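Just so it is clear: chains get the letters A, B, ... in the order the sequence lines come, proteins before strands, and each one is counted from 1. None of these values were measured; they are calculated from a predicted model.
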Amino acid sequence: MKKHLITSALPYVNGLPHLGHLIGCLLPSDVFARYLRSRGEEVLYICGTDEHGTPSEVGAAKENMSVEDYCKKYHDLHVQMYQGFNLSFDYFGRTSSQQNEEIVYRIYNELEQNGYIAEKVTKQVYSSDDKRYLPDSYVMGTCPHCGYEKAKGDQCENCTKVLDPTDLIQPRSVISGSDKLEIRETKHLFLQLPKLEKELADWVETRKGIWPDIAYSIAKKWLKEGLQERGITRDLKWGFSVPKEGFEGKVFYVWFDAPIGYIGITKQWADERPSERSFEDWWLNPDNVVHTEFMGKDNIPFHTITFPATLRGTGENWTQVSMLKGMNYLNFAGGKFSKSLHRGIFLDDAIKEFPADYWRYWLIANAPESDDSNFGFEQFAMTINKDLNDVLGNFINRVLKMTTNNFGQQIPVLSQITSEEEELYETLDTLIRQYSSYMDNLDLRKAMATLREIWVSGNNYIARTEPWKVVKTDTDRAATILNTALNLIRLYANLSAPIMPQTAKQMLDLFEISQDISFPDSRMSSYLTGLKAGTAFKLSEPLFKKIMPDRVTELKAIYKEEA
RNA sequence: CGCGGGGUAGAGCAGUCCGGUAGCUUGUCAGGCUCAUAACCUGAAGGUCGUGAGGUUCAAAUCCCACCCCCGCAACCA
C-alpha cells in the first residue's frame, strides 16, 4: 500500500491568516489527512510558514524588530491559530530553517551541475533612502497611460496596463515614499525552464483528467505560451545566501526556496527522531508515495510548472505531485479578503465567535471549488442551524432522550431485524460508498451533501419506525429501533470526524467506552450492531446552538458586512 | 480580439466532457408526526438554463458561431 504525503501551500508569515487562507489550502488538506488516517492509511501531513522575501523585511522594520524575531513572532501566532482550528499537521515548520537551507543548496548545486542555471545582468530599481533594491510592485508613481497617481511598477490598478517601473512618472518608494530612486544593474541567477519544457509538457499531459480542470488548464496555458527562464535570486538580506562567487550579499528568491520548504520541513520533522524517520522515505521514494498538494489558484503555476521543473532539473528521482487540489477564492461581502486593509474575518476573531467545527463544516460545505464563493453571516447561520443543529444535533438529542425515558441510560437490546432496518442498511451502504468516493476525489462540497443525506436518513428511519408509538405495544421492537439509532450516532461520529473532529469526539464520548476514529469498513448490517446492548451512555447538552437573527445582525455590523 | 473560471427557480449550487421529458439544498405553501432543540418526515408551487425568432440535429442547459455581464490571473504581490 502506498503511503500518503499531504502538503498545504505554505502561508506567508507576514500578518495573520483569515478565512480565505483557511479554506484555500489549510482546511481541505487537514480534512483529507484526517480522512485518510481514519481509513488506516499511512499519512505524513506537512505545512509551515513561508518566511523569506521583501514583505517580511518591511514588516519587521515597521514593528522595529529584527527579521528573525519578527518571523518567529508571527510563526508562533500562526501555530496558535491553527491549533485553534484543530489542524492536524504532523509537522508545522519554517522555510527559514537550517534543514531547508541544506535542501535548497543541494538542489541548487545539482541544477548548476546539470547546466540549468545561467547568469544574467538585470536592471533593478534601487532606493538610496531605503538602502535597498525595490521589487517592481514596491515602486509607485503616476501611470503614463491614464494619469492614475498610485500606479505600481508592475501594473496600473486603474487602467490595468502592464508597466515597467521605468515607465512611471515621478516614481517613488512604496516603503518610504522617497523619490531618490536609481536604476542599477545587478547580476542574478536564472533557472533555465525552456530546457525542461518538453519533459515537463509530457508529464503534464499524463495528469489530464487526474488534476482538476483549473490546475490542468493553467499548466497547459503556461506551456502553450512557452516557458521563460526565471530568476531565482534577489538583492535582499533576509534569505539563504547564494553560494557562488560574485553573488555575495544576494539571497535566493522566496519562490525558489518556498516549495523546497515542503522537503526542508519534512527534514525538520525527520531530524526530531533521526533513528526512525527520514525525509528520503517520503521525498525520494516516488514508487511508494502518493503526494497530494493543496493550494489557492494563484499558486497553481508554481506547483505545476516551476517547482516540478526545479525537481526534474536535479536529475534525482524526487517524489512528484500526483493529486493536486486548486481552490478558487472565498470572498467577503462581494469583495476579496484583505490582509492589509484588515477586511474580512480573521482566524483569531472567528474562533472567538463560534467553535472551530462550525467554521470547518461551513467552509468545506461551501468550498470555492468551481468558482469563487462568498462568505456571509446569513448563509452561515442558515447552514449551521439547519444542517448541524436541526438535522444532526437534534437527531442525537431525540434518540438519547427517548432511550433514556424508556430504557434508561444504556443501549437497549437488539432483537429481530425487519425490512425497515434492511432498507436503512442498504441506503447507508450506498451513501457511504458515494461519500468515500467523493472524498477520494477531493470533491468536498459533494461529499458534504452526501454526509448530510446520511444524517437525514437517520431522522427518516425514526420517522418511519415511530419508536415512541411502538414502545407502548412492543418493547422489544422499540429496543431494536433505538439500538440501531444509537449505533447511527457512532457511525455519524466516524464519518464526520475529518470535518468536525471535536464534535465527533464528543459524540463518541457519549458512550462510556473508549473508541478511536475509524472509517466504517464493513457493511452496515454488521457495523450497525457494533455498539453492544448494555453499554452505558451519557446525556449531554445539545451539541450545537442555533445562531439567532439578532446575532446575525450584530455580526454583520461588527465585521462590516454590507447587506 | 491577452489567459482562465463563472453566468441554471428568491438565495446558494449540481447537471455541460459522452445531446434525449431540468435536479439538489435553503426559503415559501400544504399535509403528517408530537420522541426531540418552534424540531423531524412527506408533498406542492416556483426556471423560455446570460443574449442571439443564430448554426448543426429527429432532439441542445449540453456541440459550433457571435456578442454581453461578473470574478480572478498576467511570471519581481506568497
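Within the nucleic acid shown, A:Gly393 comes within 4.0 Å of at least one base atom, counting heavy atoms only. Within the nucleic acid shown, A:Asn394 comes within 4.0 Å of at least one base atom, counting heavy atoms only. Nucleic acid contact class of A:Arg464 (heavy atoms, under 4.0 Å, all strands): none.
At whole-Å resolution of the value, CG in A:Asp387 and C1' in B:U26 are 9 Å apart. Atoms CD (A:Glu369) and C1' (B:C13) sit 11 Å apart, rounded to a whole Å. With rounding to whole Å, A:Trp455 atom CH2 is found 13 Å from B:U25 atom C1'.
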Report the C-alpha separation of A:Ser437 and A:Gln434 in whole Å, then their side-chain angles, then the decisive distance to 0.1 Å, and conclude whether the side chain to side chain donor-acceptor pair (under 3.5 Å) test is met. CA-CA 5 Å; A:Ser437 136; A:Gln434 203 180 84; over 6 Å; no
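Here the nucleotide nearest the side chain of A:Pro542, chosen from B:U42, B:C35, B:U37, is B:U37. In this structure, of B:U26, B:C33, B:C73, it is B:C33 that holds the atom nearest to the side chain of A:Glu466. Picking from B:C35, B:G5, B:G72 the nucleotide with the shortest atom distance to the side chain of A:Tyr329 gives B:G72. Listed nucleotides: B:C35, B:A78, B:C76. Nearest to the side chain of A:His21: B:A78. Among the nucleotides B:C33, B:C41, B:G6, the one closest to any side-chain atom of A:Trp468 is B:C33. For A:Lys446, taking side-chain heavy atoms from C-beta onward, the closest of the listed nucleotides B:C76, B:G15, B:C40 is B:G15. Considering only the side chain of A:Gln124, B:C76 comes nearest among B:C35, B:C41, B:C76.
Under the 30°/60° scheme for interplanar angles, the aromatic rings of A:His303 and A:Tyr262 are found to be tilted.
Residue A:Met382 is the one, among A:Met382 and A:Arg230, whose nearest nucleotide of RNA chain B lies closer to the 5' end (criterion: closest heavy atom).
B:G72 is paired with B:C3 under the criterion used here, namely a Watson-Crick or G-U wobble arrangement in which both key atom distances are under 3.5 Å.
Within 6.0 Å of atom CD in A:Glu378, 12 or fewer heavy atoms from other residues, nucleotides or ligands are found, so the atom counts as exposed in its surroundings.
B:G27 and B:C67 have their C1' atoms separated by 35 Å, given to the nearest Å.
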